[in-house]
Amino acid sequence: MKKQDITFGLHAVEAVLQNSPERVIEIWVLQGRDDKRLIPILEIASQWGVSVQYASRKALDDKSAGGQHQGVVAKVKAAKILNDNDLHAMLDGTETPFLLILDGVTDPHNLGACLRNADAAGVQGIIVPKDNSVGLTPVVSKVACGAAEIVPLYQVTNLARTMRSLQDKGIWIAGAAGEADSDVYQASLTGPLAIAMGAEGKGLRRLTRESCDSLISIPMAGSVSSLNVSVATGICLFEAVRQRLAK
């Protein structure tokens with residue numbers, strides 16, 4: 001990852017200012033923009049002595065590579081890439097882990113939406129393979145609406161090996177797969193848990209699927225055969241939330 005990154009969008013920039021202000025180097029704001037949605041960003045930037053520059057829309061378009069920047073772009077120090085060691089350090093201090101595993105999700109919009117779902121559901125971390133998976137790009141942060149600064153993303157070298165280490169810690173892994181015998185509403189999703197989701201279309205890779213303790217499916221009543229991975233992730237996570245609250 002580069003030593004410096006670009007973050008854009010109102011929620012994404014405000015989130016990094018609130019959670020990691022020391023990472024923010026400079027902020028650019030659209031010339032002439034002066035509204036209440038911008039006030040929190042400017043106030044926090046002022047508190048931390050972050051330089052705020054005003055720029056044309058074209059300049060912001062160029063800095064965000066054409067992304068939907070909403071009139072605000074920030075240059076930030078790249079976040080630390082979290083790995084297996086960071087994951088296990090987090091788990092050692094967590095009483096009832098609730099994790100999300102994403103296998104082969106390469107679309108930044110899908111990862112951003114999954115981060116947002118995970119934050120809303122109270123997930124303590126997302127695990128992705130280091131290869132064949134999108135990382136924390138500016139688009140991911142923008143779509144995540146601030147969740148990328150809150151939910152840790154762990155990039156692991158060998159996903160199947162990491163899954164075995166989770167099981168050794170007593171974490172049950174439920175994988176979403178269309179060929180599952182039971183659906184998400186029949187499964188027990190309480191206790192230490194990781195839910196594994198595959199990329200849309202491909203689903204879980206064979207080795208990842210075989211590494212799960214159980215497989216679950218989402219009942220489909222219509223003619224479509226699958227859901228977008230972020231939608232399916234939200235369904236599975238919040239069914240787990242419902243069960244955990246009920247218990």
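If you're wondering where the values come from, they're calculated on a predicted model, not measured in any experiment.
- When every heavy atom of I6 is checked against every heavy atom of F8, the shortest pair comes out as CG2-CD2, 4.2 Å.
- Every pair passing salt bridge (charged side-chain N to carboxylate O under 4.0 Å, His left out) that includes a residue from residues 159-170 is listed here, sequence neighbours excluded: D92-K169.
- Pairing each heavy atom of L227 with each of I235, the nearest pair is CD1-CD1, 3.7 Å.
- Partners of E179 by salt bridge (Lys or Arg N to Asp or Glu O under 4.0 Å), not counting sequence neighbours, listed by chain and number: R209.
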*Taking it one step at a time, do L30 and R57 satisfy side chain to side chain contact (heavy atoms under 4.5 Å, CB included)?*
CA-CA 6 Å; L30 180 64; R57 182 172 297 279; 3.1 Å; yes
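- Panel note: side chain S56, backbone A59; a donor-acceptor pair is recorded below 3.5 Å.
- Residues V123 and L237 form a side-chain contact, since some pair of their non-hydrogen atoms from C-beta on lies under 4.5 Å apart.
- In this structure, V151 is a member of the same hydrophobic cluster as V134, with clusters built from ILVMFWY side-chain heavy atoms closer than 4.5 Å.
- Between the CG atom of L189 and the CH2 atom of W172 there is a distance of 11.0 Å, given to the nearest 0.5 Å.
- Between Q70 and K142 the shortest side-chain heavy-atom distance falls below 4.5 Å.
- Residues L115 and L136 meet the side-chain proximity criterion, which asks for heavy atoms closer than 4.5 Å.
- Between D103 and P129, some side-chain heavy-atom pair lies under the 4.5 Å cut-off.
- Note: L153 CG to C114 SG = 10.5 Å, rounded to the nearest 0.5 Å.
- For the pair Q243 (side chain) and A187 (backbone), a donor-acceptor distance under 3.5 Å is present.
- When all heavy atoms of L100 and A118 are compared, the pair lying nearest together is CD2-CB, 4.5 Å.
- The list of salt bridge (charged side-chain N to carboxylate O under 4.0 Å, His left out) pairs with a residue in residues 108-117, not counting sequence neighbours, is empty.
- M90 shares a hydrophobic cluster with L82, L87, L91, L99, I101, I127, Y154, V156, L159, M163, L166, I171, I173; the chain of contacts runs through ILVMFWY side chains whose heavy atoms sit under 4.5 Å apart.
- With contacts defined as side-chain heavy-atom distances shorter than 4.5 Å, the pair Q124/P152 does not qualify.
- In terms of modelled atom types and a separation under 3.5 Å, the side chain of R244 and the main chain of G191 share a donor-acceptor contact.
- Looking at E239, its side chain never comes within 3.5 Å of a backbone N or O of C236 through a donor-acceptor pair.
- For the pair T208 (side chain) and L204 (backbone), a donor-acceptor distance under 3.5 Å is absent.
- At distances below 3.5 Å, at least one donor-acceptor pair connects side-chain atoms of S211 with backbone N or O atoms of L207.
- Scanning both residues, V140 and G135, for their nearest heavy atoms gives CG2-O, 3.4 Å.
- Between K63 and D61 no salt bridge is recorded (no basic side-chain N to carboxylate O distance below 4.0 Å).
- Both V72 and V24 belong to a single network of hydrophobic side chains, linked directly or stepwise wherever heavy atoms of I, L, V, M, F, W or Y lie under 4.5 Å apart.
- A pairwise comparison of heavy atoms in K77 and E22 identifies NZ-O, 3.9 Å as the closest pair.
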*Pair R23-E149, salt bridge (Lys or Arg N to Asp or Glu O under 4.0 Å): steps then yes or no*: CA-CA 11 Å; R23 289 179 48 216; E149 302 299 328; 3.0 Å; yes
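- In this structure, I41 and I27 have side chains that are in contact, with non-hydrogen atoms separated by less than 4.5 Å.
- The salt bridge (Lys or Arg N to Asp or Glu O under 4.0 Å) test applied to E14 returns no partner, not counting sequence neighbours.
- V13 and I39 sit in two unconnected hydrophobic clusters of ILVMFWY residues. Membership requires side-chain heavy atoms under 4.5 Å apart, directly or through other members.
- A donor-acceptor pair under 3.5 Å links the side-chain atoms of N117 to the main chain of S230, judged by distance alone.
- Using modelled atom types and a 3.5 Å distance limit, the side chains of Q155 and N83 yield no donor-acceptor pair.
- The shortest non-hydrogen separation linking V52 to A45 is CG2-CB, 3.9 Å.
- You'll find the side chain of F238 stays beyond 4.5 Å of the side chain of T233, heavy atoms only.
- Counting only distance, with no hydrogens or angles, the side chain of R37 and the backbone of L10 share no donor-acceptor pair below 3.5 Å.
- Taking CG from L111 and CG from L102, the interatomic distance works out to 6.5 Å, rounded to the nearest 0.5 Å.
- At a threshold of 4.5 Å between non-hydrogen side-chain atoms, the residues N19 and I150 count as touching.
- Between D86 and K80 there is a salt bridge, since at least one side-chain N of the basic residue sits less than 4.0 Å from a carboxylate O of the acidic one.
- The number of heavy-atom neighbours closer than 6.0 Å to CD of E210, taken from other residues, nucleotides and ligands shown, is above 12.
- When the salt bridge (Lys or Arg N to Asp or Glu O under 4.0 Å) test is applied to K58, the partners found at least two apart in sequence or on another chain are D62.
- Once rounded to the nearest 0.5 Å, the distance linking CG of L42 with CZ of R33 reads 10.0 Å.
- One side chain, D84 or T162, offers a donor N or O that lies under 3.5 Å from an acceptor on the other.
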